[in-house]
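Here the structure is laid out as C-alpha cells; the discussion comes afterwards.
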Amino acid sequence: MTHTSRTRPAYDADERTQLIEWLDMHRAIIRWKCEGLSAEDAHRSVIPTSPLMTVAGLVSHMRWVEHCWFEVMLLGRPATGPQFDDGPEDADMRVDGVPLEQLLREYAEQCAVSDEIIAAHALDDVGRQKEFRAGAATLRWTMHHMIEETARHAGHLDIIRELLDSSKGYY
C-alpha cells in the first residue's frame, strides 16, 4: 500500500487524492487494530449475536470486499471468492485455523491489486460486470463505498479490540 499513515488527507487535496487517502487511512486502521493480538484473540468471538465477527473474520471479509468491488464489479472479472460460492452465509468470515498474519498479508496483497486498478482508471469509469446491478457503479461510487465499508468495519474492530484487551484508540 502506498499510504500507511493514519492521518486524514489535506483539506485542499483534489478529489482523487482525497478518496485514495481516506481509503488508505481506514485500511491502515484495520491493520493497526490487529497489532499485537495473540492467535487465540484474533479468532475469539466476543459478540454473542455475531459469532463470526472476529478480528480474523473481519480482515478476511475486507480482503474479499476489495476483490469484489475492484476486480469483479469494476473490471468485470469472474465472480469468484467465498461470497459468490454456494457455501454457507458469510463464508468469507469463516477463517478458523487461518493465521492472522496470513490474512493480513492476503489483505495487503489485495489492496495492492485494488490500488493498481484505481490508478489505471478514471473516477467516471463505469464497471464492466453485467451479472450484478452493482457492476454499473463508477470508480468514484466504488471508492466512496469502499471508504464507507472499510470505516464501518474499522469501527467494529475498534469495539472488538476493546472487548478483547481494553485497547482503545481511533486513529
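Quick caveat: nothing in here was measured; it's all calculated off a predicted structure.
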**Prompt:** R161 and K168: side chain to side chain contact (heavy atoms under 4.5 Å, CB included), yes or no, with the steps?
**Reply:** CA-CA 7 Å; R161 188 66 193 255; K168 295 182 187 180; over 6 Å; no

Under 4.5 Å between any side-chain heavy atoms of [X] and [Y], yes or no?
X: V72; Y: P78; answer: no
X: R77; Y: R128; answer: no
X: I20; Y: L23; answer: no
X: L75; Y: I117; answer: yes
X: T142; Y: M73; answer: no
X: D24; Y: D115; answer: yes
X: L139; Y: F70; answer: yes
X: E66; Y: R27; answer: yes

Distance, nearest 0.5 Å, that separates [atom1] of [X] from [atom2] of [Y]:
X: L123; Y: D14; atom1: CG; atom2: CG; result: 9.0 Å
X: K33; Y: H153; atom1: NZ; atom2: NE2; result: 15.5 Å
X: D165; Y: L37; atom1: CG; atom2: CG; result: 6.0 Å
X: E35; Y: L104; atom1: CD; atom2: CG; result: 9.5 Å
X: S114; Y: L74; atom1: OG; atom2: CG; result: 9.5 Å
X: M62; Y: I30; atom1: CE; atom2: CD1; result: 5.5 Å

**Fill in**
The residue among E101, H67, R63 that forms side-chain contact (heavy atoms from CB on, under 4.5 Å) with E106 is R63

Contacts of type salt bridge (Lys or Arg N to Asp or Glu O under 4.0 Å), residue [X], not counting sequence neighbours:
X: D85; result: none
X: R44; result: D41
X: R94; result: none

Can you give the donor-acceptor pairs under 3.5 Å from side chains of residues 46-60 to other protein atoms, not counting sequence neighbours?
from	atom 1	to	atom 2	distance (Å)
T54	OG1	G57	N	2.8
S60	OG	D92	O	2.5

**Fill in**
By ring pair (Phe, Tyr, Trp, His ring centres under 6.0 Å), H121 pairs with (sequence neighbours left out) none

**Asked** Sequence neighbours excluded, which residues qualify as ring pair (Phe, Tyr, Trp, His ring centres under 6.0 Å) partners of H144?
**Response** none

**Item:** Test of ring centre spacing under 6.0 Å for W69 and W141
**Value:** yes

**Fill in**
Residues A28 and R6: closest non-hydrogen pair is CB-CG, 3.7 Å

**Prompt:** So which pairs with a foot in residues 74-93 pass ring pair (Phe, Tyr, Trp, His ring centres under 6.0 Å), sequence neighbours left out?
**Reply:** F84-F132

**Request:** Could you walk me through whether T138 and D125 pass the side chain to side chain contact (heavy atoms under 4.5 Å, CB included) test, one step at a time?
**Result:** CA-CA 5 Å; T138 63; D125 284 355; over 6 Å; no

**Request:** Kindly say whether W64 contributes a backbone atom to a donor-acceptor pair with the side chain of Q83 at under 3.5 angstrom?
**Result:** yes

Which residues pass the side chain to side chain contact (heavy atoms under 4.5 Å, CB included) test with [X], sequence neighbours left out?
X: V98; answer: V95, Q102, L103
X: D96; answer: H43
X: A151; answer: H26
X: Q18; answer: P9, A13, W22

**Fill in**
So the salt bridge (charged side-chain N to carboxylate O under 4.0 Å, His left out) pairs with at least one residue in residues 131-150 (sequence neighbours excluded) are E15-R140, D124-R140, E148-R152, E149-R152

